[in-house]
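Written out below as C-alpha cells is the structure these notes cover.
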Amino acid sequence: MENLLEIRNLKISTLRGRQKVLLLDEVDLNIPKKCSFGIVGESGCGKSITANAVMNMLPYPLEVSHGSIRFDSRSGEVDILKLDKKALRAIRGQEISMIFQEPMTSLDPIFTVEMQMYEALSFHHPGMSRPQMRERALEMLHRVNIPRPEQTLTSYPHQLSGGQLQRIMIAIALINDPKLLLADEPTTALDVTIQAQILRLMNDLKEQNDTSIVMITHDLGVIAETCEEVAVFYAGQIVEQANVMELFHHTAHPYTLGLLQAVTSLGSETRMLYTIPGIVPPGGQWSEGCRFSDRCSRCTDRCRQAMPALSEISPGHWCRCWLNSEEVAQ
Ligand SMILES: Nc1ncnc2c1ncn2[C@@H]1O[C@H](COP(=O)(O)OP(=O)(O)OP(=O)(O)O)[C@@H](O)[C@H]1O
Ligand code: SF4
Ligand SMILES: [Mg+2]
C-alpha cells in the first residue's frame, strides 16, 4: 500500500426518526506517510465524523453506510471498518491516536496526569515496569515543553491551565509513537500565543517521530502554518483538495475563497471578521445541485440543477465547481 491511510467512497449516515440521513457523501482521501494533511471547513461539514470513522468510533446512531478505510498497520494492511474489537484496541492509541475536539472532557478529572499517562502506556506495553513508565511519561512531558514535569505528573487536570492540558493530551496521544495522529481542532480553545506554540510543537514532533498528522480545523491560517496537503470539506463532501501552496495561490472553489477571506480580514485594520453569508445546510437538506449554491455569489441555473463532479483541474489540484469544469469551458 502506497499511502499510510486510504479512505474510499466513505459514506456516513444517521437515523432521524426512522429515516436514514446522509451526513458524509463519497469522501476519498489518501494520507501519505510522514505527511501533515489538513481538513478544513465550517462547523457541521463532516470533519469530526470522518476522523471518528477512522478510529471506528462513530457514536450511535451514526454509522458508515458505505466505503473502506485501509491502514498500513505494523502487522500489514487492514480495513479499519472490518476489524474486530480486539484488533481495534491494538491499533487505537498505539498506531493511530486522536486528540479530541474537547480535551477537557477527554482527561478524567479524578485521576492524576501520571495515572492517565501510565494507563495509555500499560495498555499497549503490559510488561513495562513502573520506573520505566515514569521515565517515558517524564520524557514525553519534557518533549511537549511542560514546565516542572515531576510536579505535573502528580497534578489533577483541574490544577492545570488549558494550554498545559492540551500539551498533556498531545503527550498522551504520542506516548506510544503512533504512525497516525488525528488532531481535531487541537488549538481552538486556546489563546493565540499558546496556539502558535502548540502548532510549532506538533510540527517538531512530526519531524522527530515520522508521524503523519491529520489536522482538523475551521481555520485556513492553521492549515497554512502546519500542513503540506489540504482537503476542503463542505456539506459532507470534499469541494477542493490540493497542495497547500497551490490551494493558497490558485484557489479555485468559491467556498475556499470565502474561507480565505475570513482569514485575511483578521489582519485588516478594522479587525472585522468576514463570514460567508448563510449557513452550511445540514444532512437531509442538501440541494440537488451544488451544495454551496445558496451561498455562492457566482451561482447560475446550472449550479442549482446538477452537482459538479470533483475533477482534477491541474496536476494534484481537485475542485468541485462548474466554473472549473471543462464542460462549461467548451
Ligand atoms: N452524534 C451525532 N448525532 C447526530 N448527528 C450528528 C452527530 N455528530 C455529528 N452529527 C452531524 O453530522 C454532521 C457533521 O458533523 P461533524 O461533527 O463531523 O462536523 P464538524 O465539521 O466536525 O463541525 P465542527 O467544526 O463544529 O466540529 C453535522 O450535520 C452534525 O450535526
Ligand atoms: S458550482 Fe456554481 S454554485 Fe457551486 S461553487 Fe461553483 S459557481 Fe458556486
Ligand atoms: Mg468537529
Side-chain angles (χ1 to χ4, degrees), residues 7 10-17 19-25 27 29 38-55 57-65 98-103 105-106 182-189 214-220 222-223 231-240 251-259 262 275-311 313 318-329:
I7 299 180
L10 187 67
K11 295 187 185 192
I12 297 175
S13 51
T14 189
L15 284 177
R16 251 176 234 149
Q19 210 181 351
K20 213 170 184 181
V21 175
L22 204 56
L23 299 174
L24 196 81
D25 194 5
V27 162
L29 283 175
I39 295 182
V40 68
E42 290 167 291
S43 190
C45 285
K47 306 181 299 292
S48 294
I49 58 172
T50 303
N52 288 335
V54 173
M55 294 289 275
M57 278 177 60
L58 283 172
Y60 179 82
L62 269 63
E63 62 166 14
V64 170
S65 43
M98 183 153 171
I99 302 171
F100 290 91
Q101 197 163 353
E102 281 144 29
T105 56
S106 39
L182 305 166
D184 194 356
E185 305 269 9
T187 58
T188 309
V214 175
M215 175 70 73
I216 297 176
T217 175
H218 58 271
D219 184 350
L220 269 174
V222 169
I223 298 282
V232 181
F233 275 43
Y234 187 77
Q237 285 179 321
I238 294 177
V239 293
E240 187 163 9
T251 315
H253 199 284
Y255 178 61
T256 316
L257 277 170
L259 291 180
T275 47
I276 305 166
I279 53 160
V280 182
Q285 292 176 37
W286 293 332
S287 121
E288 285 275 296
C290 170
R291 291 183 191 163
F292 189 55
S293 55
D294 284 348
R295 304 173 73 189
C296 182
S297 58
R298 306 194 60 184
C299 176
T300 62
D301 285 347
R302 170 160 210 183
C303 303
R304 288 193 197 89
Q305 284 153 12
M307 181 185 310
L310 187 65
S311 45
I313 54 170
W318 297 77
C319 183
R320 187 189 288 282
C321 173
W322 287 122
L323 293 174
N324 297 285
S325 145
E326 281 173 8
E327 273 182 72
V328 160

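Just so you know, ligand 1 is whichever comes first in the structure, and atom 1 is the first atom listed for that ligand.
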Answer whether the closest heavy-atom distance between the side chains of E63 and S13 falls below 4.5 Å. yes

CH2 of W322 to SG of C299, rounded to nearest 0.5 Å, is 12.5 Å

Are any side-chain N or O atoms of N324 and backbone N or O atoms of A252, one a donor and one an acceptor, separated by less than 3.5 Å? yes

CD1 of I279: more than 12 outside heavy atoms within 6.0 angstrom? no

Using a cut-off of 2.8 Å, count how many protein N, O or S atoms are strictly closer to atom 6 (Fe) of ligand 2. 1

Any protein N or O within less than 3.5 Å of an N or O in ligand 1? List each pair with its distance, or say none.
residue  : atom   : partner : partner atom : Å
ligand 1 : 18 (O) : K47     : N            : 3.4
ligand 1 : 18 (O) : S48     : N            : 3.2
ligand 1 : 18 (O) : I49     : N            : 2.9
ligand 1 : 21 (O) : C45     : N            : 3.2
ligand 1 : 21 (O) : G46     : N            : 3.1
ligand 1 : 21 (O) : K47     : N            : 3.0
ligand 1 : 21 (O) : K47     : NZ           : 2.9
ligand 1 : 22 (O) : S48     : N            : 2.9
ligand 1 : 22 (O) : S48     : OG           : 2.8
ligand 1 : 23 (O) : G44     : N            : 2.8
ligand 1 : 25 (O) : K47     : NZ           : 2.8
ligand 1 : 26 (O) : S43     : OG           : 2.5
ligand 1 : 27 (O) : Q101    : OE1          : 3.2
ligand 1 : 27 (O) : Q101    : NE2          : 2.8

Atom CD of E42 and atom CG of L259: how far apart are they, to the nearest 0.5 Å? 6.0 Å

Are I216 and L182 side-chain neighbours, meaning at least one heavy-atom pair lies under 4.5 Å? no

Compare all side-chain heavy atoms of I238 with those of F233 and state whether any distance is below 4.5 angstrom. yes

Quick check for you: to the nearest 0.5 Å, what is the distance between L257 atom CG and R298 atom CZ? 8.5 Å

Mind checking whether H253 and F292 have parallel, tilted or perpendicular rings, split at 30° and 60°? tilted

With a 4.5 Å cut-off on side-chain heavy atoms, are V222 and P186 touching? no

With a cut-off of 2.8 Å, does any N, O or S atom of S43 fall short of it relative to the Mg ion (ligand 3)? no

